Protein chains: 2
Amino acid sequence: MPTIADKPPVTSSDKTFLEMRRAIVEGRIPAGQKLSETDLADHYGVSRAVVREAIGRLEGIRLIERTPNVGARVVALSADALSELYEVRESLEGMAARLAALNMTAEEVNDLNRLLEHHEKTIGGSETYYQEDGDVDFHYCILQGSKNRHLIELLMNGIYHATRMYRVQLGMAGPRVGTALREHRHIVQAIANRDAELAEMLMRRHIAYTKQELEAKLRSMNHGDTRR
Amino acid sequence: MPTIADKPPVTSSDKTFLEMRRAIVEGRIPAGQKLSETDLADHYGVSRAVVREAIGRLEGIRLIERTPNVGARVVALSADALSELYEVRESLEGMAARLAALNMTAEEVNDLNRLLEHHEKTIGGSETYYQEDGDVDFHYCILQGSKNRHLIELLMNGIYHATRMYRVQLGMAGPRVGTALREHRHIVQAIANRDAELAEMLMRRHIAYTKQELEAKLRSMNHGDTRR
DNA sequence: TATTACATTATTGTCGACAATATAACAGAA
DNA sequence: TTCTGTTATATTGTCGACAATAATGTAATA
């Protein structure tokens, strides 16, 4: 039901930023590639100023890197970067789960349970629905429950897009669906019991497993290409 | 000895960004204040474009907030925001300590010990040296030891400036100097023993204490003013 | 041939002006 | 007076052009 929506882009820079972000996450602008401001400008039909603003924001969320007087390039996909990213995510989402256990209202816990039930049903039909949106919804729900705006910002507008970049570009339609759902259930239970300590620990494990899965996939695909 | 240095600003936007950041952290541009692009432009003697770029980067660091077609304003100092900030910091620096215990070289551990000894000496002279730079150096050292670039970025270019903003503007020359030093010693010991679990836990406590201290100060000063 | 110095080209950084939007000021009606 | 609708003003968003810097290519020299 509650698939997340970005607030609608109002300014021209917003649109360009969102389009570029999507293109990068989906690999249509390949990892590691140099970005030409003028090229992007007339590709998106806007002025260089708005492209520059978009690039600035993309740098802010660490999807691209910039060196003065030289230019910007999309970050490279690497095992190290993936590892570092997931270490940060483990830390932050662990804290989110902890805070959710403390701060979620009874209603919110109910919603979370309903979400879980919904997933348990739909997963039987072998739909790929759960795989993407379902997982996102789950983590989103807990994150909101933390009631920590700073944390929410950091994950929603930063980490998540980077992780999705790896997921998408590594072609993740992984086999961990069933396992993940079981882990989700335990986390929700801990939150319902207001056991902050346990909720954090379980969430951290959950993310650590996902990390291992991605690393394995990355290794298996690594027939030696890190594009420049 | 190794007080941290930003890499020298090359472009005009860099300088403006750094100056504005400092002005905000030190409260010379007061918290919650609306920012006029034109005013800033001729105050710093640059064009509006560079001010806009600086503002964009300051937004990326969460030192200012922006609403489209309306403008930017410095974030407000509030008990909630402080709390949220320190929850994030606790999480991230805890992870940093954990990783440092795993990844620091023997030399780096030695450096850390030497740093600690140096502080133990200088603290006798009741110099305020330790209070600011010393503490920063300590956390910086461990952060580097984590070897996680993403983590380093997040803390160095984001969280630290926001926390310093509270410290400076609340006039923190706090009484926790001695206590903090003892905590530092325990953390270093855990890292030297390669006890990642303990290092993380001690660091988290250390930060949680600091948070409480700041919250107390904030409450005591709160004669009802959150500036608009 | 390899290398250095210089000139050329392309790309980014900065600027001032115009367009679009929001805020403020004002006038009129209930 | 208070509210509403309209006009005026100020501020932000966008653009194209110029300046400054880096990357490239070329010629001259060892």
Side-chain angles (χ1 to χ4, degrees), chain A residues 6-24 29-76 157 227-228, chain B residues 6-24 29-76 157 227-228:
Chain A
D6 282 312
K7 67 187 67 168
V10 350
T11 173
S12 187
S13 299
D14 285 344
K15 292 188 208 113
T16 310
F17 165 68
L18 290 179
E19 286 195 54
M20 285 186 66
R21 189 181 70 185
R22 207 173 150 188
I24 290 173
I29 301 178
Q33 180 164 97
K34 172 96 194 310
L35 297 178
S36 161
E37 293 181 358
T38 46
D39 288 359
L40 291 168
D42 48 49
H43 178 271
Y44 289 107
V46 292
S47 102
R48 258 186 65 214
V50 335
V51 170
R52 273 176 76 79
E53 170 138 358
I55 287 181
R57 287 168 70 180
L58 288 167
E59 187 191 16
I61 63 177
R62 272 161 266 277
L63 246 40
I64 75 173
E65 289 172 336
R66 235 171 127 187
T67 40
N69 286 318
V70 172
R73 64 184 343 146
V74 179
V75 294
N157 299 337
R227 283 151 247 167
R228 287 274 145 166
Chain B
D6 282 313
K7 67 186 65 167
V10 350
T11 173
S12 186
S13 299
D14 285 345
K15 291 188 208 112
T16 310
F17 165 68
L18 290 179
E19 285 194 55
M20 284 186 68
R21 190 182 69 184
R22 207 174 152 189
I24 290 173
I29 301 178
Q33 179 163 100
K34 172 94 194 311
L35 298 177
S36 159
E37 294 181 357
T38 45
D39 288 359
L40 291 168
D42 50 49
H43 179 271
Y44 289 108
V46 292
S47 103
R48 256 186 67 214
V50 336
V51 170
R52 274 176 75 79
E53 169 137 358
I55 287 181
R57 287 168 70 179
L58 289 168
E59 187 191 16
I61 307 189
R62 271 161 266 278
L63 245 44
I64 76 174
E65 289 172 336
R66 234 172 128 186
T67 40
N69 286 318
V70 172
R73 63 184 344 144
V74 179
V75 295
N157 298 338
R227 283 151 247 169
R228 288 275 143 164

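Remember, predicted model here, so these are calculated numbers, not experimental data. Residue numbering restarts at 1 for every chain, and letters A, B, ... go by the order of the sequence lines.
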Least distance between heavy atoms, [X] atom then [Y] atom:
X         : Y        : value
Asn157(A) : Ile61(A) : O-CG2, 2.8 Å
Val74(A)  : Ile24(A) : CG1-CG2, 3.8 Å
Ala31(B)  : Ala76(B) : CB-CA, 4.3 Å

### Summary
Walking DNA chain D from its 5' end, the first of Glu53(A) and Pro68(A) to be reached, judged by nearest nucleotide, is Glu53(A)
### Task
Could you pick out which residue, Ser12(A) or Arg48(A), lies toward the 5' side of DNA chain D when each is mapped onto its nearest nucleotide?
Ser12(A)
### Message
Using a heavy-atom cut-off of 4.0 Å across all strands, would you classify Leu35(B) as base, sugar-phosphate, or nothing?
### Response
sugar-phosphate
Could you pull out all donor-acceptor pairs under 3.5 Å where a side-chain atom in residues 43-57 of chain B meets a protein atom, sequence neighbours excluded?
residue: Ser47(B); atom: OG; partner: Ala49(B); partner atom: N; Å: 2.9
residue: Arg48(B); atom: NE; partner: Glu37(B); partner atom: OE1; Å: 3.0
residue: Arg48(B); atom: NH2; partner: Glu37(B); partner atom: OE1; Å: 2.9
residue: Arg52(B); atom: NH1; partner: Glu37(B); partner atom: OE2; Å: 2.9
residue: Arg52(B); atom: NH2; partner: Glu53(A); partner atom: OE1; Å: 3.3
residue: Glu53(B); atom: OE1; partner: Arg52(A); partner atom: NH2; Å: 3.3
residue: Glu53(B); atom: OE2; partner: Arg66(A); partner atom: NH2; Å: 3.4
residue: Arg57(B); atom: NH1; partner: Asp14(B); partner atom: OD1; Å: 2.6
residue: Arg57(B); atom: NH2; partner: Asp14(B); partner atom: OD1; Å: 3.4

### Message
Would you compute the distance between atom CG of Leu35(A) and atom CD of Gln33(A) and round it to the nearest 0.5 angstrom?
### Response
6.5 Å
### Query
Roughly, in whole Å, what's the span from CG in Asp39(B) to C1' in dT11(D)?
10 Å
### Message
Could you tell me the boundaries of the chain B footprint on DNA chain C, defined by atoms under 4.0 Å from its heavy atoms?
### Response
dG13(C) to dT23(C)
#### Entry: Partner of Ile64(B) under side chain to side chain contact (heavy atoms under 4.5 Å, CB included), chosen from Leu58(B), Val75(B), Ile29(B)
Leu58(B)
### Summary
The answer to which of Asn69(B) and Ser13(B) contacts DNA chain C further toward the 5' end, by nearest nucleotide, is Ser13(B)
